[in-house]
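Here's the structure, in structure tokens; my notes come after.
Per chain, numbering begins at 1; letters A, B, ... match sequence-line order.
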Number of protein chains: 2
Amino acid sequence: MNDTTAQAINSASPHSDNQGVGRMRRQSSAADGQRRATVTDVARLAGVSTATVSRVLNRNYPVATATRERVEEAMRELGYVVNAHARALAGVSGRTVGIIVSEVIDPFYAYIARGVEREAALGDRLCLVCCTQGDPQRELAFIELMHERRADAVIVVGGSFADRSYTTELARRARELDAGGSKLVLCGRPPLDEPAPTASVEYDNEGGAFAITDHLLAQGHERILYLGGPPALSTTRERLAGHRRALELRGIARDPELEQLGSFSRAFGRRRMAELLKEGPEFTAVFAANDIVAAGAAQALEEAGVRVPQDMSLVGYDDIPVAQELRPRLTTVHIPLEEMGRQAVRLAVSGGDEDDWREQTTGAVRLGTHIVVRDSVAAPSKHARRV
Amino acid sequence: MNDTTAQAINSASPHSDNQGVGRMRRQSSAADGQRRATVTDVARLAGVSTATVSRVLNRNYPVATATRERVEEAMRELGYVVNAHARALAGVSGRTVGIIVSEVIDPFYAYIARGVEREAALGDRLCLVCCTQGDPQRELAFIELMHERRADAVIVVGGSFADRSYTTELARRARELDAGGSKLVLCGRPPLDEPAPTASVEYDNEGGAFAITDHLLAQGHERILYLGGPPALSTTRERLAGHRRALELRGIARDPELEQLGSFSRAFGRRRMAELLKEGPEFTAVFAANDIVAAGAAQALEEAGVRVPQDMSLVGYDDIPVAQELRPRLTTVHIPLEEMGRQAVRLAVSGGDEDDWREQTTGAVRLGTHIVVRDSVAAPSKHARRV
DNA sequence: CCATCCATAGAACGCGTTTACTGTCCGGAG
DNA sequence: CTCCGGACAGTAAACGCGTTCTATGGATGG
């Protein structure tokens, strides 16, 4: 389809008359857009050369005021808009950064995307956003597409899958990107095991999980259900690791039955919670893998008539807005999401400026997390809930 | 800043040695990216011409299988990635659509963005996303930036301001864009009063407001507070218009005190609601300008000990996820947000295919809205709430 | 053996940017 | 009152990289 379109559009133009700058085209179809004005047109109208027009455009070289004004007037008159493609082709940065998330409507990603967008805007850059819907293949494809567009940075956000061939492929892309002067930034995911020229922005995922589990333990909970999160995702693994470490440190044996992984969806949280309430192991607190799952669990709890926090404590992770909307308000782990997005851009973009000492190609920052105590946690009730 | 950066990057590369294809560059800095492979390189390595390589790339012309394989092998070996800029410059569509919203983390916009992104992806297009944070100037600037990048479509989303000079400027941009073969799409906002080549996707905003107000009236409410929404925004005006029409139709006089406009924020909803509860007019129901404002109002109500829906009915608008998270679950107006995004892309992109009958340049679709009844509305309590 | 069709090559083109270079005009030196 | 160095303005032309039109060599078919 690309082809046919492109052909149809182009085959109709270049034929006879080579040097005429396009007189003929103009009178073709009625409402049809007459050829876009070019630097040459502006130059001609202003009575200067194209180089001068370019200088006016870029203000990077002194141009007499009178000349500048004449050129600007000509641009206005012709409705001239520079062609970013031509400019990029000539070697100027395309001023674009790409961000790849799994889902834009998920607040976790949306906040990071906001940080990326804002930071990008500060540097007069535009932001290419893609959603993989959780498909690693699509992620790879998008990286390729962004590479084709010569994005200054390609930021992949969110947990990654522990799939060898995928990792290898990603490393390859990172090298290709780097060879072209772009940078692959891993945001909210662990670095590649294979060495590759990437930058990375992480948050203390394990630490946050440790802290909030410990918060639960400090209240006296000993049977804590860990609920949700795709098992193969790095995000899940890290959170679970922090959770386990906290248990271990207090000398509490780990019960596999209390680790109910699954997905990050609200539906999962609700369904599995309901099931476990009916016929699951005993527990007095729930550590939902993220706030969305917590929202689902909260609903199941409500429907089952289990009061939070009196009968059951509940915590989440991410501290997205829904955490404050739930009743009781959810105790959770805060992640500086927007800041992560900003850092991701800074890392990639500043790195691009000083191309002398490329040694620091592999920048990395790690941001802290902290728990936010609200109303969803209390000490376990005297008589442990019996199913 | 734009300029200095661009200069710094470029002034350092092209110097002596003009025809050598870059021998020198290679040995410059250690990790430095050696010049990217080009079609010419691939052609040379595969022993064919650049035309053939291009054909292999675009599969738009028969190429002998053996040749194709040789070319593909060469591309792989060199880590070749086409340059989208060069390609776009040569006349092929850049396969990019732009969307401009005021805020990505706002679910209203996020859902539309998702629709745009998905539909764009179906056509192998990438999506440029920008946030104006409500600033019309920034909106104009982003349109310009997208125009420079020759986006197939530029979709501006959300209510617009009733500012004459802004509208004029927008119309001008629409014409420039159209002249270049792109399209400006107005999504979720009324068409420009000034004639301009735009496409538009609307939703029945007035009708939704009418319906939900009527729903309240049918329950017996007569004193309904309309809360929130920027007065100058078209979205607010339309919703208010629907609200008023419903009142009128039931013969209920309009009370200016019951129209408390402001903003679309949660903070506004909460603050103003609290104020009105303390010292405002009498009313038995609240029509929040959108769900976010409703969430704020719900909190104020909760804090004031006013029960919903027993003591006070509450409805919102947009039907974003928070509506289902509130307790009681919020009765609201559903908008097919994602579908709007999809339609916006379709309108702009299909329109671009058949450039023969440009008459239909100004496409427009209007999607329906409907109310979603949940638990936040009840008949007014016998004894009207007295402050 | 010529008419065709196919695969491929050569070259023009699209549009800014930038370098190398020319022509001007200034002030100060001689 | 010239003459020279240098700051300034501005220009022609090369360049970046795919795409596609036109042309050509060769093979197949009649």
Side-chain angles (χ1 to χ4, degrees), chain A residues 2-3 6-19 21-22 25 35-43 46-58 60-68 70-71 75 80-94 148 150 180, chain B residues 3 6-7 9-22 35-44 46-58 60-68 70-71 80-94 148 150 180:
Chain A
N2 179 339
D3 327 317
Q7 254 164 275
I9 292 174
N10 285 63
S11 60
S13 357
H15 37 98
S16 49
D17 163 69
N18 275 333
Q19 39 264 36
V21 195
R25 269 77 158 280
R35 193 183 57 85
R36 246 184 266 242
T38 70
V39 170
T40 311
D41 300 323
V42 175
V48 299
S49 77
T50 63
T52 303
V53 175
S54 176
R55 286 172 186 146
V56 170
L57 232 29
N58 298 296
N60 56 358
Y61 196 90
V63 172
T65 310
T67 308
R68 178 201 314 296
R70 230 177 329 128
V71 172
M75 297 199 294
Y80 174 75
V81 177
V82 288
N83 184 326
H85 296 302
R87 178 179 270 182
L89 193 55
V92 176
S93 157
E148 288 181 2
R150 302 298 188 254
Chain B
D3 327 319
Q7 251 166 278
I9 293 174
N10 284 66
S11 59
S13 6
H15 38 100
S16 49
D17 164 70
N18 277 332
Q19 39 265 33
V21 196
R35 194 182 56 85
R36 247 183 265 243
T38 70
V39 171
T40 311
D41 299 324
V42 175
R44 185 160 31 226
V48 299
S49 77
T50 62
T52 303
V53 175
S54 175
R55 285 173 189 141
V56 170
L57 232 31
N58 298 296
N60 57 357
Y61 198 90
V63 173
T65 309
T67 309
R68 179 201 312 297
R70 234 180 325 132
V71 172
Y80 174 75
V81 176
V82 286
N83 184 326
H85 296 301
R87 178 180 269 182
L89 193 54
V92 176
S93 156
E148 288 182 3
R150 302 301 189 251

> How is Val63(A) classified with respect to the nucleic acid when contacts are heavy atoms under 4.0 Å: base, sugar-phosphate, or nothing?
Replying inline: sugar-phosphate
>> Any base atoms under 4.0 Å from Thr52(B), or only sugar-phosphate, or nothing? Heavy atoms, all strands.
In response: sugar-phosphate
>> Nearest whole Å is fine: how far is dG10(C) C1' from Arg44(B) CZ?
In response: 15 Å
> Side-chain donor or acceptor of Arg55(A) under 3.5 Å from a matching atom on the base of dT18(C)?
Replying inline: no
> Of all residues at least two apart in sequence or in a different chain, which pass the side-chain hydrogen bond (donor to acceptor under 3.5 Å, both in side chains) check with Ser54(A)?
Replying inline: Asn58(A)
> For DNA chain C, whose closest nucleotide is more 5', that of His85(B) or that of Arg68(B)?
Replying inline: Arg68(B)
>> Looking at dT18(C), I'd like to know if its phosphate oxygens (OP1 or OP2) sit under 4.0 Å from a side-chain N or O belonging to Asn60(A).
In response: yes
> Which listed nucleotide (dG16(D), dG18(D), dT18(C)) is nearest to the side chain of Ala90(B)?
Replying inline: dG18(D)
> Within the distance-only criterion (no hydrogens, no angle test), does the side chain of Arg87(A) pair as donor or acceptor with the backbone N or O of Val92(A) below 3.5 angstrom?
Replying inline: no
> Rounded to whole angstrom units, what separation is found between the CZ atom of Arg87(B) and the P atom of dC15(C)?
Replying inline: 18 Å
> For Thr50(B), which contact category applies under a 4.0 Å heavy-atom criterion: base, sugar-phosphate, or nothing?
Replying inline: base
> Hey, is the main chain of Ala46(A) close enough, under 3.5 Å, to the side chain of Arg70(A) for a donor-acceptor pair?
Replying inline: yes
>> So which atom in Leu57(A) and which in Val82(A) form the shortest heavy-atom distance, rounded to 0.1 Å?
In response: CD2-CG1, 3.1 Å
> Do the side-chain N or O atoms of Asn83(A) get closer than 4.0 angstrom to the phosphate oxygens (OP1, OP2) of dG14(C)?
Replying inline: no
> Which listed nucleotide (dA9(C), dG16(D), dT19(D)) is nearest to the side chain of Val92(B)?
Replying inline: dT19(D)
> Once you round it to whole Å, what is the distance between P of dC17(D) and CG of Leu57(B)?
Replying inline: 14 Å
> How long is the line joining CG of Leu89(B) and P of dC17(D), in whole Å?
Replying inline: 12 Å
>> The side chain of Val39(A) is closest to which nucleotide in this list: dG16(C), dT20(D), dG10(D)?
In response: dG16(C)
> Between dG18(D) and Tyr80(B), is there an OP1 or OP2 to side-chain N/O distance shorter than 4.0 Å?
Replying inline: yes
> Which one, dG10(C), dG16(C), dG10(D), comes nearest to the side chain of Ala51(B)?
Replying inline: dG10(C)
> Of all residues at least two apart in sequence or in a different chain, which pass the side-chain hydrogen bond (donor to acceptor under 3.5 Å, both in side chains) check with Thr50(A)?
Replying inline: none
>> Please compare Ala66(B) and Arg150(B) by the position of their nearest nucleotide in DNA chain C and report the one closer to 5'.
In response: Ala66(B)
> With respect to the phosphate group of dT17(C), does any side-chain polar atom (N or O) of Asn58(A) fall under 4.0 Å of OP1 or OP2?
Replying inline: yes
> Looking at the side chain of Val48(A), which of dG16(C), dG10(D), dT11(D) is the nearest nucleotide?
Replying inline: dT11(D)
